[in-house]
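Every heavy atom of this structure was used, including side-chain atoms; hydrogens, water molecules and symmetry mates were not. This is a predicted model, so every value here is computed, not measured. Position 1 is the first residue of the sequence, and the numbers go up from there.
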Amino acid sequence: MKEILKDNNLKVTKGRLEVLRLLDKSSTPLSVEEIYKNISRESCRSLTTAYRIVNQLEDANIIRKAFSQNSISYYELSINSHKHYIVCSICGKITPIDHCPIEPLENLVEKETGYKITGHIIELSGICPDCSKKEEVWQWTLELNLKC
């Protein structure tokens with residue numbers, strides 16, 4: 001991780017290293033608040049400092065915004081292949097999508113426009129299977145109670 005910071009002309013600090021290590025270990029993108037909760041106060045004294053670190057790492061293209069939900073941005077390392085996620089709008093569960101459904105469209109758009117596409121963001125939301133089951137049970141119970 002130190003090399004990544006040095007290669008991007010960023011000073012190697014405990015805070016930056018902890019943020020990068022945390023994002024590297026995480027199986028899903030994290031919000032700045034989640035990052036702040038999971039790193040030491042010694043390296044990141046305030047939430048403001050956490051936001052500053054995340055902004056610096058994003059500006060250097062070391063991390064990227066994976067998606068936003070309810071005005072909260074979630075971040076992941078840029079050095080990993082990009083992923084897309086679907087987020088449950090009820091419980092907030094984050095599920096990665098195994099492949100990128102946009103790549104064929106990117107190729108077509110590049111051919112048609114001459115642009116070199118450098119990235120994209122796709123945000124999907126829905127209701128996860130667990131919440132769907134709970135909602136079905138709730139609706140069934142409501143219908144049963146209305147009939148009684």
Just how far is it from atom [atom1] of [X] to atom [atom2] of [Y], taken to the nearest 0.5 Å?
| X | Y | atom1 | atom2 | value |
| --- | --- | --- | --- | --- |
| Lys134 | Cys131 | NZ | SG | 5.0 Å |
| Ser31 | Lys65 | OG | NZ | 12.5 Å |
| Glu112 | Leu105 | CD | CG | 9.0 Å |
| Ile53 | Lys14 | CD1 | NZ | 12.5 Å |
| Ile62 | Leu23 | CD1 | CG | 11.0 Å |
| Gln69 | Cys88 | CD | SG | 8.0 Å |

Would you confirm whether [X], through its side chain, and [Y], through its main-chain N or O, come within 3.5 Å as a donor-acceptor pair?
| X | Y | result |
| --- | --- | --- |
| Thr13 | Arg16 | yes |
| Ser73 | Ser68 | no |
| Glu110 | Ile117 | yes |
| Asp24 | Leu20 | no |
| Thr49 | Arg45 | no |

Under 4.5 Å between any side-chain heavy atoms of [X] and [Y], yes or no?
| X | Y | result |
| --- | --- | --- |
| Val87 | Lys93 | no |
| Ile90 | Asp130 | no |
| Tyr36 | Arg41 | yes |
| Pro29 | Phe67 | yes |
| Cys128 | Cys91 | yes |
| Lys6 | Lys11 | no |
| Leu57 | Asn8 | no |
| Met1 | Arg21 | yes |

Same cluster or not: [X] versus [Y], using hydrophobic residues (I, L, V, M, F, W, Y) connected whenever any side-chain heavy atoms lie under 4.5 Å apart?
| X | Y | result |
| --- | --- | --- |
| Leu30 | Ile39 | yes |
| Val54 | Ile4 | yes |
| Tyr74 | Leu47 | no |
| Val32 | Ile94 | no |
| Leu22 | Tyr75 | yes |

Tyr51 and Glu33: side chain donor to acceptor below 3.5 Å: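 Yes, a side-chain donor-acceptor pair sits under 3.5 Å.
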
Polar contact flag, side-chain donor to acceptor under 3.5 angstrom, Tyr85-Glu76: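 Yes, because at least one side-chain N or O of Tyr85 sits under 3.5 Å from a partner of the opposite role on Glu76.
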
Any pair counted as ring pair (Phe, Tyr, Trp, His ring centres under 6.0 Å), so long as it reaches residues 96-119, sequence neighbours left out: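 Every candidate ring pair (Phe, Tyr, Trp, His ring centres under 6.0 Å) pair involving residues 96-119 fails, so no pair, neighbours aside, qualifies.
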
Residue pair Val109 / Thr113: nearest heavy atoms and the distance that separates them: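 Between these two residues, the closest heavy atoms are O-OG1, 2.7 Å.
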
Considering all heavy atoms, the nearest Cys100-Pro104 contact: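 Here Cys100 and Pro104 meet closest at O-CD, 4.2 Å.
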
Short N-O contact, Glu58 and Arg64, less than 4.0 angstrom: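 Looking at Glu58 and Arg64, the cut-off is not met.
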
Residues that Glu18 engages under side chain to side chain donor-acceptor pair (under 3.5 Å), provided they are two or more places apart: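 Per chain and number, Glu18 pairs via side chain to side chain donor-acceptor pair (under 3.5 Å) with Ser40, Ser43.
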
